[in-house]
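Numbered from 1 within each chain, the chains take letters A, B, ... in sequence-line order. The analysis underlying the following values was restricted to heavy atoms, covering all of them including side chains, and did not include hydrogens, waters or symmetry mates.
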Amino acid sequence: MNPVIDEITKVAIRTDLTEFKVGDGVRVHIKIQEAGKERVQVFAGIVIARKGTGVHETFTVRRISFGEGVEKVFPVHSPIIEKIEVDRESITRRARLYYIRDRVGKEATKVKERRLSEGKR
Amino acid sequence: MLHTLIGKKIGMTQIFDEKNRLVPVTVIEAGPCLITQVKTEETDGYNAIQIGFPRRKAQNMSAGQNGHLKKVGLEGLSQLKEVRCQNAPEHKIGDTLTVSDFEEGAKVDVVGVTKGRGFQGVVKRWNTKGGPASHGSMFHRRIGSIGLCQDPGHVFKGQIMPGQMGNKRRTVQNLKVVKIYEDKNLILIKGSTPGFNGSQVLIRTAKKARKENA
């Protein structure tokens, strides 16, 4: 990338967040401004994709909410992310887990787990 | 007064704004530009300033360019642009214009030469639909009818046709200045601007911006 652009975007890149990868079950803590007040909302699900590089890198979290599949895309370096907790680690054979969109029921939230940390679910 | 600077398009990126939104920006390295000539109503019949952007060594420039600059005691400004002023310009020859003339949040126009796409057909150049791909239509990306018969007897002006696309001077108006780095001579403008990375652009205060933003 261009060295000038690198220097501008360097300041926004966050190094304080937990490392995570595709397939991990994560809890994303998001700061939300509401009526002048700030509160924290948690979005928990599976990371199904990481895209892009540098400051515009994003990740997609998918969860089943009230029986409906919900996906949220977050910029990795967004200042609104307070912290990211990794609940479960998993072994994936794909870089993008789009195939879990087609799954129904219990299968939809299941990715092969790596038995390191026992999941809360 | 209208501020104008000559700059170089560095490229696009994204930055987070004060509301934590990711904003697409074009990074432009602009100025510092030197004033090489001042034209006034008395001397030239109109008010203008000529600004120059240092690009080249004097030895690599033509004798004509060097001679013009030598008259005012400057050198190495290969890119010169004349900017019209409403009133008699208050600047003097040799004054420096930098990005600090602009304000964050203000609106600017960016003038550049668009990316050249060569000779293109109507589908790419004017976004016409084109015909069916199959079933023997034999009409795929053609232009179609360009007019009527003996009445009116000519093709109307403005009829879309194939031809050279891009590589034209174009102005994008009312772009917001997101951020200014005075020490690095950089200006970050929301959205895209014409031309390739590394191409020369002209940034000026927006001509048609609303009063409150002017």
Engineer: In terms of side-chain geometry, is the basic nitrogen of A:Lys31 or A:Glu38 positioned less than 4.0 Å from the acidic oxygen of its partner?
Structural biologist: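 No salt bridge links A:Lys31 with A:Glu38.
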Engineer: Flag this pair as yes if the NZ/CZ of A:Arg50 is under 6.0 angstrom from the six-membered ring centre of A:Phe20 and inside a 45 degree cone about the axis; otherwise no.
Structural biologist: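 Yes.
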Engineer: Evaluate the criterion side chain to side chain donor-acceptor pair (under 3.5 Å) for residue pair B:Tyr181 and A:Glu7; output intermediate values, then yes/no.
Structural biologist: CA-CA 11 Å; B:Tyr181 294 90; A:Glu7 211 174 313; over 6 Å; no
Engineer: Please classify the contact of B:Lys184 with chain A as side chain, backbone, both or neither, using a heavy-atom distance under 4.5 Å.
Structural biologist: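 Just the side chain, heavy atoms under 4.5 Å.
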Engineer: Hey, mind stepping through B:Glu103 and B:His3 against side chain to side chain donor-acceptor pair (under 3.5 Å) and telling me if it holds?
Structural biologist: CA-CA 11 Å; B:Glu103 276 170 47; B:His3 298 298; over 6 Å; no
Engineer: Does any heavy atom of chain B fall under 4.5 Å from the side chain of A:Ser78, the backbone, both, or neither of them?
Structural biologist: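 Both parts, backbone and side chain.
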Engineer: Is B:Ile10 close to chain A through its backbone or its side chain, or both, or neither, when contacts mean heavy atoms under 4.5 Å?
Structural biologist: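 Backbone plus side chain of B:Ile10, per the 4.5 Å heavy-atom cut-off to chain A.
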